[in-house]
J.: 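Before we start, here is the structure in question, set down as structure tokens.
Here the structure is a predicted model, which is why all the values come from computation and not from measurement. Chain naming here is simple, since letters A, B, ... match the order of the sequence lines and numbering starts at 1 in each. Worth knowing before you read on, the calculation uses all heavy atoms, side chains too, and leaves out hydrogens, waters and symmetry mates.
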Amino acid sequence: MKRTKKGIYQKQILSQKNDSLFQYMPENIQKIKEGLGNSNDLLIREFVVGKEVKRLVAIVYTKGLADTTAIERTIIKPLLFEAREIEWFEDHTEEEILARLQQYISTSTLQEITTFQDLFSAILTGQTVILVDGITKGLKANTEGWESRNVDDPTTQSVVRGPKEAFTENLRTNTVLIRRKIKSPDLWTEKFEIGKETKTIVEVMYLKGIANDKVVQEVRNRLNKIQIDGIFESGQIEEFIQDETFTPFPTILSSERPDTIAAGILEGRVAIIVDGTPFVLLVPALFVQFLQSPEDYYQRSDFGLIRLLRYLAAMIGLLAPSFYIAVTTFHQEMLPSTLLLSIAAQREGVPLPAFAEALLMEISFEFLREAGVRMPRTVGQAVSIVGALVIGQAAVEAGIVSGVMVIVVSITAIANFIFPNFNMSIAIRLLRFVFMAFAASFGIFGIVVCFIALLLHLCSLRSFGVPYMSPLGPFILEDQKDTILRYPIWKMKERPRLISQRNIRRERTSMPKPDGRG
Amino acid sequence: MKMKRVLFILILTVFCLTASSCWSRRELNELAIVVGFGIDKVGDQYQVSLQMVNPSEVVTQGEGTGRTPVIVYKEKGKTVFEIIRRLTTLTPRKAFFSHMQIMVISEEVAREGIKKALDFFWRDHEIRFDFFIVVSRKSKAEDVLNVLTKLERIPSRKLFTSLETAERYWAPVNAATLDKFVRTLLAEGIAPTLTGISIEGDVKEGGERENTEDVSREVSLKYKGIAVFKEDRLVGWLNEMESKGKNYILDNVNSTVGSVRCPHEEKHFTIEVIRAKAKVIGKVENGKPAIYIDQVSEANLSEIQCSKLDLSQPRTIKMIESATEQRVKNILQSTIYAAQKKYKTDFLGFGEAIRQADPEYWSKNKQNWQQEFVKLPVHINVDVNVKHTGKVSNSFIKEMEDSKSEKE
Amino acid sequence: MNQEEKISSYQLLLLATFFTVGSSILELPSTLVTIAEQDAWIAMLLGIAISAIMVGLYLLLIRQYPGKNLHQINEAVFGRKIGGIVSFYLTAMTFFLGPPTVIYYLGRFLSIQIMVETPASSTHLLYGLLAIFAVALGIEVIARVAEILFPIFFILYLGLMLLLIPLVEFERLQPVFEHDFKTLLWASIFYVQFSCFPIIIMLTSFQGKVTQQKKAPKAFFLGNFFGGSILFITTLISVLVLGKLTALFNFPSYVLAQKINVGDFIQRIEMVITVMWFITLFFKLVLYFDSAVVGFAEILKIKNHRFLVVPLGILIIYFSLTNFPNDVYQLNQDKTTWIPHSFFLGVLYPIVVLIIGFVQGKLKEKRKGIHRPSESKGG
């Protein structure tokens, strides 16, 4: 029953949309009001224009979406005062009428519309529609101006040194942020409209001549295939265009930092900007990118040793609890005697097996973390106090978990926060539990098997045709300068292989030398 | 299609995980960590004693519960492994051997031959080769494991570390791990040796907790002498001097101390050997084997009681060196005497030296090596270099004596 | 998945290295020392020399038939019917004797040394499933995994060997050359039979998959040599550290790692060598398995060889559980069944093919003049 109702409703909308405008103004207005269900935020103003022959003119826009002061200044004022002197003649054609009217309206763009479909989409994106009685055409003027957030500090990917601006929910602001960084005529954008109802604007941005045309074409194809009623966030786009759905790993990079995206575009990647979200997508994305922070390039990080630290953290975040389980339940001979004794002493009287203990602690930590993210900021502190007391001290004192387990869980948690990209840490969090299960049943052997299986899976992934694990596997020697280590920037003379595949050379700078010495 | 495959893999994984059903899983608090292992002979059966740790008593942040840090269980039987499994009827937990520190073999068992008892240790997967083997001298292995020690809470750990330190700073011990022992047992031209351990004080009191609480209580464990084996049977003990000589010859000396009588006086000075290098070279000349021992050591003068030696004279240092050389030579000779005449067993590896020098001669004569060994000529060359004399040159003792004689 | 699988010559080198090292890193020193005692390392050098010659021979063979795999070579040499039988025999025997033994090795090691109580069936199953997963994803993915795992493997290996240096005693090598050449040769066979002869299977199954055809033979040769060197160093260190005791252990490298103790801090790290062994064994298993799958698909004229992966994988797991009633039987099989088979595969077969091919080539030259197939372009 629901379905039929919905079907009928959709049909009505469709029939409304395809109709062309009526000649008789009240009819038009009636239709608009009906089409929008007499919504309160719709504003229609009618006035009479013309010196001798007077015509009824109406402007239609949505309150809030359109910039009212701009409309008053550029449309209403000229029409009310200057256009009063306009000279219409009875035998004017529709074109002539509109042309005369156009001369008085001072917005930057002004386009003709003929159907209700155009009309609705115009007023719903903040444009103002001008209708004239007696003709079946209208004008739409760009008067968009809704409230939006200012450019602010990035909240998810902060740096100590580096630009402190982040994308906003406004598509245009976002493209501007990128264009301000890359002032090249080769920076091309393409516009897509996705979402039957939301009509979200998605823009694809790339450097012509550096980006791989095949990848750009692939992006176009995949975007065009999307058929959905609404898009609110780039995450939804991501799910539609990613190569592999059943993987915990993100194959598309998302960032709210304009410098990250701009650097990606310079390397030949393609950015996908979605209106309404500050998170911009970048494809193709490789595994190693998720462990790189833009700050790696801004700090003199001495060959990027910090990055090595991140790889170590990734391993610890993935393996620490499972390793603990394996060692304490299968391979006790691996611990030095004194360490074994102190762990054994702490485990005296703990009622749970190590696996259950680890599982309990990890899950309660995940609860805590999730609560911390969702909580209002003021309550967040209370959560962390409860967490520290309950998970940490009280559990140990009550003898439910051992002290070492708390240490292991804490190290794991801290290691997990090191990721510059949140997506990857979700993947690692998930896989940690798989590893724990394998460790609990097969010890180190289980961990190794699971690790090889994980590598097999990672190596079989592709992101827009590029092997996900490159440049580690397939191993590309030239790209090692910017993979696990970070060479001095003047050494990285070439763009990553496999991403751009042509126009590889970046710039030629030799090693900096003080003048007069060399 | 894709969904189905993922589901299939998931099911298989779960199946696989449950298939193992954690057979080999052992929680830490289900293990009895064995640190000491003792073998005795009772009648015609072996008696095995296991020293197990009570972890919560060893590692305590607060006060302990007042129980002993270790527990000793013992059981009799025909084979070692059978006894160990039978012990599960006694112990609440399964014994875990990977952290064994020491294995004590009673003298009685050693005299009968120990290879039968050792196979288990060679074969079992939990056993590592980093524990020391010692022979309990004049007491049962069980009693040795029963003694509680003071500084270190776990007696076996104490035995392990003190043997390790003693080997580094005091020559007359022989820290042998299982693989080292078996290697010498297998090698043709060398017989194994093991350090002896004995209980000082009343055996019965050693097991009482008061032993660890009373400062001056005298029950303790002490390494004493080196047990000499012929094949796998103990044949005798080396005294301290012979033990030292054995380690000199086998180049096991890292650092040691020896007192030497002062020339012209009934007083002593002490020499601290800081570096010692010995080479045993076998030679076969005209079908006759001979052994040349070359011993070079670097030493410091660390204590002097003598009043007549003037340390500011280079001549005196020469004198001290030659006195020391004579002393070391005596030590080496006493050891060689013990090997060739007293016990008639080649624990010094002379056969091995001959084999390396002349494999052909060796393969011909290894059958009657026993006879050859006893009358093997051994040439010793000792060279001692004294480097430093400590913070001072002449002792204040000499100054006192000198001023006394001046007054007189 | 439809696209042609390609691997680079560097990947080929790594795969050849892993294949050569295979199960041997844990067990080979024991066998060699049993036979050649302290001269085991000389036997190993001899083995490397022999395998260098043999691999050279195989490379000559594939140069004669560029771009052809085992089955195609057989058809060209023996004709359609006999060729089919020969390739079926080779593939089936290698399939039957190779991968199940590799899994059995693993199970044996696990149940002796690591997880005594866990039944072999579950560990075999887990490893077999891993292999099925790998082969189903294809050789390209396997090669990439090799590229990622090799640095890890190599760093661990290097670290272990460096940590063992303080334990080295050079007297254990003496007397050098105590054993005669025949003994040394017999010992070296135990290296060659596992690490060199089966390589021909792998070699022929990779034909046409390598992107830089010209570099491929060199990569292959180097990989085999490199793997041999790793084993040589392992054997040498075992002799230097454990001496003749090496022969007494089933897994001497494991014991070696147990002996490491640097300042009471780096100690009890025998798991490291276990992990290394799991890795090399995985590649040995997967390469055997993959070439069997490719080989059978070729013989049975199945276009999509992935179809065969699951049934053959299940067979491997089954065989690994049922082929050997006990350890001694398996060790005996290595000596009695595997040696003749590997000789047939690694020595007799290539020589026969080479000779026939040579004669055929001569005949053709006489008939048609010189005709060379055009070389495929390198990417």
J.: Do the side chains of B:Ser98 and A:Gln332 get nearer than 4.5 Å, heavy atoms only?
T.: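 No. Closest side-chain heavy atoms not under 4.5 Å.
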J.: Are more than 12 heavy atoms, taken from residues, nucleotides or ligands other than B:Arg85, located less than 6.0 Å from that residue's CZ atom?
T.: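 Open.
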J.: May I ask you to check whether over 12 heavy atoms, not counting those of B:Glu82, lie within 6.0 Å of atom CD?
T.: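 Buried by this count: over 12 neighbours within 6.0 Å.
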J.: Measure distances from B:Gln101 to the heavy atoms of chain A and classify the residue's part below 4.5 Å as side chain, backbone, both or neither.
T.: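 The side chain, not the backbone.
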J.: Out of A:Cys450, A:Ala354, A:Gly446, return the one with the most heavy atom pairs under 4.5 angstrom to chain B.
T.: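 Of the candidates given, the most pairs with chain B belong to A:Ala354.
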J.: Counting heavy atoms not belonging to A:Phe323, are there more than 12 under 6.0 Å from its CZ?
T.: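 No, because the 6.0 Å sphere around CZ of A:Phe323 holds 12 heavy atoms or fewer from other groups.
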J.: Working to the nearest 0.5 Å, report the span between CG of B:Leu31 and CZ of A:Arg347.
T.: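 These two atoms lie 10.5 Å from each other.
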J.: Take atom CD in A:Gln227; do more than 12 heavy atoms of anything else shown fall under 6.0 Å from it?
T.: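 It does not: A:Gln227 CD has 12 such atoms or fewer within range.
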J.: Please report the interatomic distance CZ(B:Arg153) to CG(A:Leu341), rounded to the nearest 0.5 Å.
T.: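 Atom-to-atom, B:Arg153:CZ and A:Leu341:CG are 11.5 Å apart.
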J.: Within a radius of less than 6.0 Å around CD of A:Glu233, do more than 12 heavy atoms belonging to other residues, nucleotides or ligands occur?
T.: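 Atom CD in A:Glu233 is packed in, count exceeds 12.
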J.: Find the distance between CG (B:Asn29) and OG (A:Ser402) and round it off to the nearest 0.5 Å.
T.: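 Rounded to the nearest 0.5 Å, the CG-OG separation comes to 9.0 Å.
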J.: Pick one of side chain, backbone, both or neither for B:Phe97, based on which atoms fall under 4.5 Å of a heavy atom in chain A.
T.: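 No part of it gets close to chain A.
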J.: Would you name the heavy atoms of B:His99 and A:Ser337 that are closest together and state the gap between them?
T.: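 Taking every non-hydrogen atom into account, ND1-OG, 3.0 Å.
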J.: Just wondering, more than 12 heavy atoms not from B:Lys115 lying within 6.0 Å of its NZ?
T.: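 No - once you tally the heavy atoms of other residues, nucleotides and ligands closer than 6.0 Å, there are 12 at most.
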J.: Please say whether more than 12 non-hydrogen atoms of neighbouring residues, nucleotides or ligands are located less than 6.0 Å from CZ in B:Arg123.
T.: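 At most 12 heavy atoms, drawn from other residues, nucleotides or ligands, come within 6.0 Å of this atom.
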J.: Knowing that exactly one of A:Thr329, A:Val327, A:Thr328 qualifies, which makes a side chain to side chain contact (heavy atoms under 4.5 Å, CB included) with B:Leu28?
T.: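 So the option named by the test is A:Thr328.
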